[in-house]
Protein chains: 2
Amino acid sequence: MGDIALLANVSKPTVSRVLNNSPLVNEETRERVLRVAREHGYAINRNAQKLRQARNDTVAVVLDFGSHRAGRIADPFIFELLAGVSEALSVRNQDLLLSPPSLTDVQSHLDLISSRVADGFIFLGQGVREPMLRDLARAGAAFVVWGGVDPKEPYCSVGSDNRLGGQLAGELFVKRQAKRWLYVGNIAHSEIRMRYDGLCEVAATHGDVHVAHLDVEQMAYASTYQSMVAWLQKNPPPDAVFAFSDTAAIAIVAAFREFGLEAPTDYALCGYNNIPPAADFTPALTTIEQETHLAGAILVEKLMQILEGGKPKSSLLPTRLIVRQT
Amino acid sequence: MGDIALLANVSKPTVSRVLNNSPLVNEETRERVLRVAREHGYAINRNAQKLRQARNDTVAVVLDFGSHRAGRIADPFIFELLAGVSEALSVRNQDLLLSPPSLTDVQSHLDLISSRVADGFIFLGQGVREPMLRDLARAGAAFVVWGGVDPKEPYCSVGSDNRLGGQLAGELFVKRQAKRWLYVGNIAHSEIRMRYDGLCEVAATHGDVHVAHLDVEQMAYASTYQSMVAWLQKNPPPDAVFAFSDTAAIAIVAAFREFGLEAPTDYALCGYNNIPPAADFTPALTTIEQETHLAGAILVEKLMQILEGGKPKSSLLPTRLIVRQT
DNA sequence: TTGTAAGCGTTATCAC
DNA sequence: GTGATAACGCTTACAA
C-alpha cells in the first residue's frame with residue numbers, strides 16, 4: 001500500500017480511504033489512486049485489515065458431517081441450505097469458513113471467536129448438540145441455528161415447522177384409518193423429535209391409535225434399511241410409517257418389500273423433504289415439503305443482527321403435505 | 001500475548017515459542033506459560049499471525065453451486081467430496097474457506113491469493129471452467145481440481161476414470177445388442193464429455209451402432225425430465241440410454257414412461273454414481289460407481305505438495321459397472 | 001534457553 | 001480533503 005501511495009502521490013491513509021469507498025476523498029484523487037492500484041494489480045492484505053478492525057467479516061458455518069456422512073450422505077437437503085447461506089454471506093461481503101470437524105465442545109467454538117477467526121457461527125442442523133448450544137449461548141457467542149425451533153432455548157433458531165409436519169402426517173394416517181403407527185428417526189435430533197411430537201399429538205386425540213418408535217443411529221440409507229428389517233423381524237408390521245427423510249422412506253419401502261408388504265396397500269408411508277426422485281419412485285412417495293429457499297438469507301440476516309447487538313427472534317418457516325401414492 | 005508474557009515472567013517471543021511447540025524452550029518454562037495461558041483463556045490472534053507469516057494455512061474450496069443448484073441439487077455426490085476435503089484439511093490444520101459464488105474469473109481468484117486470504121484452491125468439479133483453469137495455472141496460482149483428468153491440461157487434477165466409465169456402459173449396451181444409443185449429459189463439462197468419448201469409442205468398434213446425444217442445460221432433475229420428454233416427441237426412441245447421473249436416470253425412466261416405454265424391456269439404461277436409492281428404484285438402476293472416499297485426502301495431499309514447490313501428477317481413481325435390472 | 005528490537009500492512013486519531 | 005503517527009498482535013533476526 002505504501003508503494004501505491006508513493007506512485008499516486010498521496011499518503012497511505014488516503015489510499016486506504018479510496019479502497020474503502022470513503023466519501024471524504026476528492027473525486028480526482030480517488031480516480032488516480034484506483035488507476036495506479038489497478039495497473040499494479042494491487043490487492044489489499046486482508047489479514048492486516050482484520051488485525052486492525054474490530055470485526056472479522058467471517059462467519060463459521062457448521063455442517064454436521066458426522067450425522068450425514070457415515071456411509072453415504074442422506075438427503076441433499078442440508079446442502080441447499082449451504083448454497084443459500086453462501087449466497088447470502090457473499091452479498092454482505094462476509095467470508096464463509098467451513099467449520100472443521102474437530103470443533104466439538106463449547107471451548108473450541110469460543111476459541112475460534114477469541115482467536116479472531118470468525119465473528120460468529122451458523123449451525124446447519126443442530127444435530128445432537130443442544131446442550132452445547134445452550135452453553136455457547138450462555139457464554140455470549142454470536143450464532144444462529146437451523147433446526148428445530150424451540151422458543152424456550154436461549155438462542156435464535158430458524159427452521160421449518162416440524163411439529164406441524166408431524167401433525168400433517170398424523171392427520172393423513174387418521175384419514176387412512178391406520179391404527180398402528182411407526183415413527184422412524186433419531187429423536188435425539190430436536191427437529192426430528194418435534195415431528196414425532198406432532199405425530200403423537202394427533203394420535204393422542206384418537207384413543208385406538210398406538211405409536212411405536214424406531215430409532216436409527218445414522219441418518220444414512222443403509223443403516224435405516226437394516227434397522228427397519230431388524231425391527232420387522234421382531235414386531236408385527238405397522239399400518240402407517242412416518243420417516244424422517246425421503247431417502248429413509250425409500251429404504252423403508254425396500255425393507256417392507258422383504259416381507260412381502262407394499263405401500264399403500266399394506267401400509268401408509270410419509271417421507272420428509274420432497275426430494276426430486278420422490279415423485280417418480282414406485283410407489284410415488286407422499287411427503288412433507290419444507291420451505292427452504294429463503295432459509296440461508298434469513299439465517300444470515302439474523303446473525304448480522306446479533307453481531308450488531310440485536311436480539312432477533314426465532315422463526316418458523318411453512319411446511320406442507322404432498323399427497324402421492326403412499 | 002504481552003499480558004501472558006508478563007504473568008508468566010517471560011518475554012513475548014518465549015510465549016510465541018511455547019504456543020508453536022518450539023523445541024527450544026525449557027520444559028519448566030513451557031508448562032508455566034501453558035498454565036497461565038489456559039487460566040486466562042488466552043487464544044492467539046490468527047490475523048496477526050497470518051500477517052506475519054508467509055503462509056496463510058487457508059484453502060479456498062470452490063463448489064459449483066451454479067451447476068448443482070438451479071432447481072434442486074443433483075446427486076449428493078459432490079458433498080461427500082466436500083466432507084472428505086474438510087476432514088483432510090482439518091488434519092493438517094488448514095482452514096477451509098468456502099469460495100463465494102461471486103468468484104468467477106481468473107482475476108478474482110488471483111486476488112484472493114494476493115490479498116492473502118487463501119494459499120490455494122481446490123475445485124470440486126471443474127464445471128465449464130476449463131479455459132479459466134488453464135489461465136489460472138498459467139498465472140501460477142496453486143490449485144488442484146476434482147473432475148475429468150486430462151494429462152494435457154497444465155494443472156493437477158484428480159478424478160475417476162470417466163472414459164472407462166463410458167466404455168463400461170458401451171460394453172453393456174453391446175451385450176444387450178442395442179443399436180440406437182443415446183447419451184444424456186452436458187458435454188461442456190469435461191468429466192461428462194469423457195464418459196461420452198468412452199461410449200463412442202466402443203460404438204465405433206461396432207459398425208451398426210449409432211450414438212445420439214441429448215444435451216441438458218442444468219444438472220437437475222426437472223430439467224433433465226423436460227429435455228428427455230421433448231426429445232422423445234421429436235425422435236424415435238433409443239434402445240439404450242447412458243445418463244450422466246443416477247438422478248438423471250430416474251428422470252429418464254419417468255420420461256420414457258410417458259411414452260409407454262419401460263426399462264429393460266424397451267431400452268437399456270445406465271446411470272452414474274451409484275447413489276443409495278439406485279438399488280431400490282423400480283426398476284433397479286444399472287450404474288457406474290466411482291471410488292471417492294479417498295478423493296478428499298488425495299486432493300489435499302497434492303495441493304500441499306504444490307504449495308511446497310512440488311509438481312504432483314494428476315491421477316485417476318477406479319470406476320466399476322454395477323449391473324442391476326436396467 | 002531466553003530476551004530485545006524491528007517489522008508485517010492496515011486503519012484510527014488527530015492535526016493541518 | 002489530506003497527511004503524520006501510532007497501534008493492532010504476532011514472529012523473525014539477532015544478541016545475550
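Numbers restart at 1 for each chain; the letters A, B, ... are given by sequence-line order, proteins then strands.
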Flag side-chain contact, heavy atom, 4.5 Å: [X] against [Y]:
X: A:Val10; Y: A:Arg32; value: yes
X: A:Asp57; Y: A:Asn93; value: no
X: B:Leu133; Y: B:Phe121; value: no

- Query: With no angle test and no hydrogens, is the base of C:dT4 tied to the side chain of B:Lys12 by a donor-acceptor pair under 3.5 Å?
  - Reply: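 There is none.
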- Determine whether any donor atom in the side chain of A:Arg52 lies under 3.5 Å from an acceptor atom in the base of D:dA7, or the reverse, and answer yes or no.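 In this structure, the two groups form a donor-acceptor pair.
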[N] [atom2] sits how many Å from [X] [atom1], rounded?
X: B:Glu27; N: C:dT2; atom1: CD; atom2: P; answer: 10 Å
X: B:Arg46; N: C:dG9; atom1: CZ; atom2: P; answer: 20 Å
X: B:Gln53; N: D:dA13; atom1: CD; atom2: C1'; answer: 15 Å
X: A:Glu31; N: D:dG1; atom1: CD; atom2: P; answer: 15 Å
X: B:Arg55; N: D:dT12; atom1: CZ; atom2: C1'; answer: 18 Å
X: B:Leu6; N: D:dG9; atom1: CG; atom2: P; answer: 15 Å
X: A:Asn56; N: C:dT11; atom1: CG; atom2: P; answer: 14 Å
X: A:Asp57; N: C:dT10; atom1: CG; atom2: C1'; answer: 14 Å

Below 4.0 Å: OP1/OP2 of [N] and any side-chain N or O of [X]:
X: A:Gln49; N: C:dG9; answer: no
X: A:Tyr42; N: C:dG9; answer: no
X: A:Asn20; N: C:dT11; answer: yes
X: B:Ser16; N: D:dT11; answer: yes
X: A:Thr14; N: D:dG3; answer: yes

Let's see if you can work this out: which of [options] has an atom nearest to the side-chain heavy atoms of [X]?
X: B:Leu51; options: C:dG9, D:dT2, D:dT11; result: C:dG9
X: A:Met1; options: C:dT11, D:dC10, C:dT4; result: C:dT11
X: A:Leu24; options: D:dT2, C:dT10, C:dT4; result: D:dT2
X: A:Pro13; options: D:dG3, D:dG9, C:dT4; result: D:dG3

- Task: Describe, in one word, how the ring planes of A:Phe123 and A:His109 are oriented to each other, choosing from parallel (under 30°), tilted (30 to 60°) and perpendicular (over 60°).
- Result: tilted
- Task: Only one of B:Leu96, B:Ile122, B:Asp95 passes side-chain contact (heavy atoms from CB on, under 4.5 Å) with B:Val59; say which it is.
- Result: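 Only one option passes, and that is B:Ile122.
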Between protein and nucleotides 14-16 of chain C, what N or O pairs are separated by less than 3.5 Å?
none

- Message: Is it the case that over 12 heavy atoms from other parts of the model lie below 6.0 angstrom from the CD atom of B:Glu28?
- Response: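 For B:Glu28, atom CD is not crowded (no more than 12 foreign heavy atoms under 6.0 Å).
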- On DNA chain C, nearest-nucleotide positions of B:Thr29 versus A:Ala48: which is more 5'?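 It is B:Thr29, whose closest nucleotide lies nearer the 5' terminus.
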- Measuring from B:Glu130:CD to B:Arg193:CZ, what's the distance to the nearest 0.5 Å? 5.0 Å
- How is B:Asn47 classified with respect to the nucleic acid when contacts are heavy atoms under 4.0 Å: base, sugar-phosphate, or nothing?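 Result for B:Asn47 = nothing.
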- Query: Which part of the nucleic acid does A:Asn9 contact within heavy-atom distance under 4.0 Å: base, sugar-phosphate only, or nothing?
  - Reply: sugar-phosphate
- So, are A:Arg92 and A:Glu301 salt-bridged, with charged N and O less than 4.0 Å apart? yes
